[in-house]
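Written below as structure tokens is the structure these notes are about.
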Amino acid sequence: MNLTAKVLVGMGLGMFVGLTFNLADMNTAGGFINEYLVDGLFHIVGTLFINSLKMLVVPLVLFSLICGVCGIGDIKLLGRIGTKSFALYMLTTAVAIATAIAIAASLGIGKGMEIPTDAVFSAKEAPPLSQVLIDIIPTNPIQAMASGEMLSIIFFAMLVGISILLVGKKAKGLVETVELMNEVMMKMVGIIMSLAPYAVFCLLAKAMANLGMDLLFALGWYVSVVIGALLFHLLITLQGTLMIFSGLSPIKFLKKMRNAQVFAFSTSSSNATIPVTLRTVTDRLGVNNSVASFTVPFGATINMDGTAIMQGVATVFIANVYGVDLGISGYLTVILMSVLASVGTAGVPGVGLIMLSMVFSQVGLPMEGIGLILGVDRILDMMRTSVNVTGDAVVSVIVSKSEGKFNEDIFNDPDAGLIDESETQIDVNDEKELAEAVTSTANS
Ligand code: ASP
């Protein structure tokens, strides 16, 4: 069985076990299953896995982006990649939320509904856009890396790459070292991915065991419309965009994206999925690292199609429940706000609700409305994160193809970049050679 199949089995089994615990009421607080399995083993293994992915994000983005810029060697091309990907990210997000609003409004969801709730949502403040722009240039790059400020890291890494290019021939050794570091980081991604089947099992078993079934049924309408709009965007809008702009087969694309989608689904975080998305996009889909090293972390931060869809549906739903008529101008403000909000917020779990509160305060919808959908947001977060990551990959493919930085043979080869046992096996000859080289350097 290849890794993707194993991960899918882990996902299916995890869902089955979690749902069984949930439906059979076995996950009661203080009970054995809750203490030792759901909040014990599953929680520990799942969190260790997410931590190990997060551990790779900053060094991977740094090294791969420096390599990427050096690989492009042309600052104008860099500018074009930046402009194209930014425009496509904003455009797909705007289309996503407009579609969601249109679907939800035409179905009139939430009209005449009364939803009892005691869940209270207290919004964390998201930084204003002006601050986001100012923070792109870090005053201290080490601090930016320590706190995972993605836009600042991207800026710093690109500047290092450009400066290396300006230093020229003398910096050859440095470029080789950074390239090797990038290769080492990619190996680490492979090692961690090969553990995914077990981790995905634990993450899903825990998530499903904690699912609020009553709420899921009470809000069935809302949940189904969000899922429907997500599927529409994933299968029609994104694949249509891929076909129109790149002429590539959506079926091949979707098949190769499965791993990254499952990772996004299980971690609910585009940021934590960056290592997997980057590896998928370069090794499986054929995007050159010089493009992917920029578009993937950039997309994980500013592109959130799935999140925008949830915001569109939630706005219509809550406006209807509270009997507020937003009108065309209200909805246009919602679209604009949600696109802008996606730029300033990182792809981490639950950030969609913070963005929603920014949208609500702009159009004057009651903040307590968010409390209504809080209980089902966890599961929708998993689904929308998969769509977010797919959007990042679609744009990466389109931009790289348009710049002639795309390897179609890799895209067409179903086995390209598959992770197998060789990933975690040390080549004995290589090891010997390396040991000899180290000893001879030490002796001299
Ligand atoms: N979890 C999402 C992501 O990481 C963001 C959100 O919708 O809350 O992309």
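We count ligands from 1, going down the list as the structure has it; atoms in each ligand are counted the same way.
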- Query: Between Asn27 and Asn22, do the side chains contain an N or O donor and an N or O acceptor separated by less than 3.5 Å?
  - Reply: no
- For ligand 1, which atoms, with element, lie under 4.0 Å from some heavy atom of Val348? 1 (N), 2 (C), 4 (O), 5 (C), 8 (O)
- Any side-chain donor paired with an acceptor under 3.5 Å for Asn271 and Lys54? no
- Numbered atoms and elements of ligand 1 in range of Thr385, under 4.0 angstrom, heavy atoms: 1 (N), 2 (C), 3 (C), 4 (O), 9 (O)
- Item | Protein heavy atom at shortest distance from atom 7 (O) of ligand 1 | Arg384 NE, 2.5 Å
- Query: Nearest to atom 8 (O) of ligand 1, what protein heavy atom do you find, and at what distance?
  - Reply: Gly352 N, 2.7 Å
- Ranked by distance from atom 1 (N) of ligand 1, the top protein heavy atom is Asp381 OD1, 2.7 Å
Do any side-chain atoms of residues 90-111 form donor-acceptor pairs under 3.5 angstrom with protein atoms, and if so which ones, sequence neighbours left out?
from   : atom 1 : to     : atom 2 : distance (Å)
Thr92  : OG1    : Leu88  : O      : 2.8
Thr92  : OG1    : Tyr89  : O      : 3.1
Thr93  : OG1    : Tyr89  : O      : 2.8
Thr93  : OG1    : Asn303 : OD1    : 3.2
Thr93  : OG1    : Asp305 : OD1    : 3.2
Thr99  : OG1    : Val95  : O      : 2.5
Ser106 : OG     : Ala102 : O      : 3.0
Ser106 : OG     : Ile103 : O      : 3.0

- Indicate whether any N or O donor in one side chain lies under 3.5 Å from an N or O acceptor in the other, for Ser402 and Lys84. yes
- Message: Considering non-hydrogen atoms of the protein only, which is the closest contact for atom 3 (C) of ligand 1, and what is the distance?
- Response: Ser270 OG, 3.2 Å
- Query: Are any of the N/O atoms in Gly347 less than 3.5 Å from those in ligand 1?
  - Reply: yes
- Which of parallel (below 30°), tilted (30 to 60°) and perpendicular (above 60°) describes Phe21 and Phe42? parallel
- Message: Please tell me whether Asn288 and Ser290 have a donor and an acceptor in their side chains that are separated by less than 3.5 angstrom.
- Response: yes
- Go through the side-chain N and O atoms of Ser64 and Ser293 and say whether any donor and acceptor fall under 3.5 Å apart. no
- Message: Can you tell me which portion of Asn388 lies within the under-4.0 Å heavy-atom range of ligand 1? Options are side chain, backbone, both, or neither.
- Response: side chain
- Which atoms of ligand 1 sit under 4.0 Å from any heavy atom of Ser269? 4 (O)
- Item | Side-chain donor-acceptor contact under 3.5 Å, Thr307 with Asn388 | yes
- Relative to the heavy atoms of Gly350, which atoms of ligand 1 are at a distance of less than 4.0 Å? 8 (O)
- Query: Counting each atom of ligand 1 from 1 as listed, which ones have a heavy atom of Ser268 under 4.0 Å away?
  - Reply: 1 (N), 4 (O)
